[in-house]
Amino acid sequence: MKWKTKDGGWSPYLAGALLGFLAIASAYATTVWMGKTNFLGASTTFVRAVGFIERFFSTAHVEANAYFNKEKVTLDWQFMLIIGLFIGALISSLTDKSFKLESVPPIWAERFGPSVWKRAVGAFLGGIVAMFGARMADGCPSGHGLSGMMQLSVSSLIAVALFFGVGMVVARLIYRRGKS
Amino acid sequence: MTTAQWLGLITGVGFGFLLQKGRVLRFDKQVAAMLWTDMTILKFMLSSVLVGMVGILLMSDAGMIQLAHKPMNVGAIVLGGSLFGAGWAVMGFCPGTSVGALGEGRWHALFAIAGMLAGAALYAELYPFMKTTVLAWADFGKIGLPEVLGISKWVIVAAFWAGSIALFAWFEKKGV
């Protein structure tokens, strides 16, 4: 097994295993310092972030919303985790020179052409559907895929199977049309 | 900043660093996994789960941490999981990786992030409706696989390891 990939990255087995150790350390550290075990996750932060944006326009509207009250619009541990995630990716990509400004990803361009606007519309609409689903399912590939599977949660095992299962069907329909 | 915020920030830097090093932040890697042409993200994800589950379950047994299963709400998981899968294929990012992709310069992730913020806002507005419909269908609560199957968690962990390693071997043989 190679520890480096052709594009200068680390073997996904190695990087993934290290993330497993980080998840273990994080679960313990949050229990000790915050009094409650927190598991890695990402999608709730989008609720809080949009709560902050909406609060800018109407505080009353956010205060009256049951979902914002449930998830609490604050700069909490997970919000900072996501800010850190951005910084970590930036540091890693700048130091190994894999940072690249990209406007349209290659697989998308191959199927839909180099138009940034087409990509923007696709990503935006896909984002709405995906996040709506993630909030309904109460988790994304971080909360269910990593944290939930590590705990052997029934909900997470089923959710991840559906993420990938439906994702594969839809990906085949959109990116493979006219091919194979 | 509070201790919790510092802890989140530092852990997040490590999280983002490892996701980037594993090259799993990219649109092309995520879509390629769904097309079965490059399974990098599955290798990464399963590797972290294999390592993580042993430590998490051991610490839970020792009373050092508390598990937090997400509820097995049938409508929420089945419909929500399917919607996520469909949106994920089009968007090519998941919530965490979109932010990381932005960090490594793939600025088109901003469109995905904007869409996900809109999706979160929409869900917040429709939450009362969801609560009386989809979320009210059937809820089995916070359950773990060992309790449901009535077998030792370590048997499941062993099976999970064996299955994943077989899958890895198959990926490597196929060169994906």
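Convention: sequence-line order gives letters A, B, ...; per-chain numbering from 1.
Of the listed residues (B:R106, B:R26, B:K43), the greatest number of heavy-atom pairs within a distance under 4.5 Å of chain A belongs to B:R106. In terms of non-hydrogen atom pairs under 4.5 Å with chain A, the most contact-rich of B:G96, B:G55, B:A68 is B:A68. Most heavy-atom pairs under 4.5 Å with chain A, from the set B:G12, B:A4, B:G144: that is B:G12. Taking chain A as the reference chain and counting heavy-atom pairs below 4.5 Å, the highest number among B:M59, B:M116, B:M72, B:M53 is found for B:M116. Between chain A and the residues B:E125, B:E147, B:Q30, the most heavy-atom pairs under 4.5 angstrom are made by B:E125. Across A:V116, A:D138, A:V121, A:I83, the residue that shares the most heavy-atom pairs under 4.5 angstrom with chain B is A:D138. Note: B:G80 leads B:A33, B:G80, B:P128 in heavy-atom pairs under 4.5 Å with chain A.
For B:T37, the part sitting under 4.5 Å from any heavy atom of chain A is the side chain, from C-beta outward, and nothing else. Contacts of A:N38 with chain B are absent, with no heavy-atom separation under 4.5 Å from either backbone or side chain. Of the atoms belonging to B:D28, heavy atoms from both backbone and side chain fall under 4.5 Å from chain A. Both the backbone and the side chain of B:L9 have a heavy atom closer than 4.5 Å to some heavy atom of chain A. For B:M130, the part sitting under 4.5 Å from any heavy atom of chain A is the side chain, from C-beta outward, and nothing else. Looking at A:A27, both its backbone and its side chain come within 4.5 Å of chain B, counting heavy atoms on both sides. Both the backbone and the side chain of A:F46 come within less than 4.5 Å of a heavy atom of chain B. Residue A:T30 touches chain B through both its backbone and its side chain, counting heavy-atom pairs closer than 4.5 Å. Of the atoms belonging to A:M149, heavy atoms from both backbone and side chain fall under 4.5 Å from chain B. When heavy atoms are compared at a cutoff of 4.5 Å, B:S98 approaches chain A solely by way of its side chain, counted from C-beta outward.
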Let's go through A:L152 and B:L67 carefully: what are the C-alpha distance in whole Å and the side-chain angles of both, what is the deciding distance for side chain to side chain contact (heavy atoms under 4.5 Å, CB included) to 0.1 Å, and is it a yes or a no? CA-CA 10 Å; A:L152 296 175; B:L67 296 188; over 6 Å; no

I'd like to know whether A:V104 forms a side chain to side chain contact (heavy atoms under 4.5 Å, CB included) with B:H108, so could you lay out the CA-CA distance, the side-chain angles of the two residues, the decisive distance to 0.1 Å, and finally the verdict. CA-CA 7 Å; A:V104 180; B:H108 57 85; 5.9 Å; no

Does the pair B:K70 and A:S155 meet the rule for a side chain to side chain donor-acceptor pair (under 3.5 Å), with working shown? CA-CA 6 Å; B:K70 290 172 188 292; A:S155 58; over 6 Å; no

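Between A:Y13 and the options B:F171, B:F44, B:F168, a ring-ring contact (aromatic ring centres under 6.0 Å, His included) holds for only B:F168.
Note on ring orientation: taking the six-membered ring where Trp is involved, the planes of B:Y127 and A:Y67 are tilted (angle from 30° to 60°).
Note on A:W3 and B:V24: same hydrophobic cluster, where clusters join Ile, Leu, Val, Met, Phe, Trp and Tyr whose side-chain heavy atoms are under 4.5 Å apart, directly or indirectly.
For an aromatic pair to be called close, the ring centres must be under 6.0 Å apart, and B:F111 with A:F124 fails this.
A:S93 and B:E104 share no donor-acceptor pair across their side chains, judged by distance under 3.5 Å alone.
Interatomic distance, B:L126 CG to A:M136 CE, rounded to the nearest 0.5 Å: 9.0 Å. Here the straight-line distance linking atom CD1 of B:I10 with atom CG of A:L81 works out to 11.5 Å at 0.5 Å rounding. In this structure, the separation between CZ on A:F163 and OG on B:S82 is 9.5 Å, given to the nearest 0.5 Å. One distance of note links OG1 of B:T3 with CH2 of A:W33; it measures 9.0 Å at 0.5 Å rounding.
With contacts defined as side-chain heavy-atom distances shorter than 4.5 Å, the pair B:L7/A:W77 qualifies.
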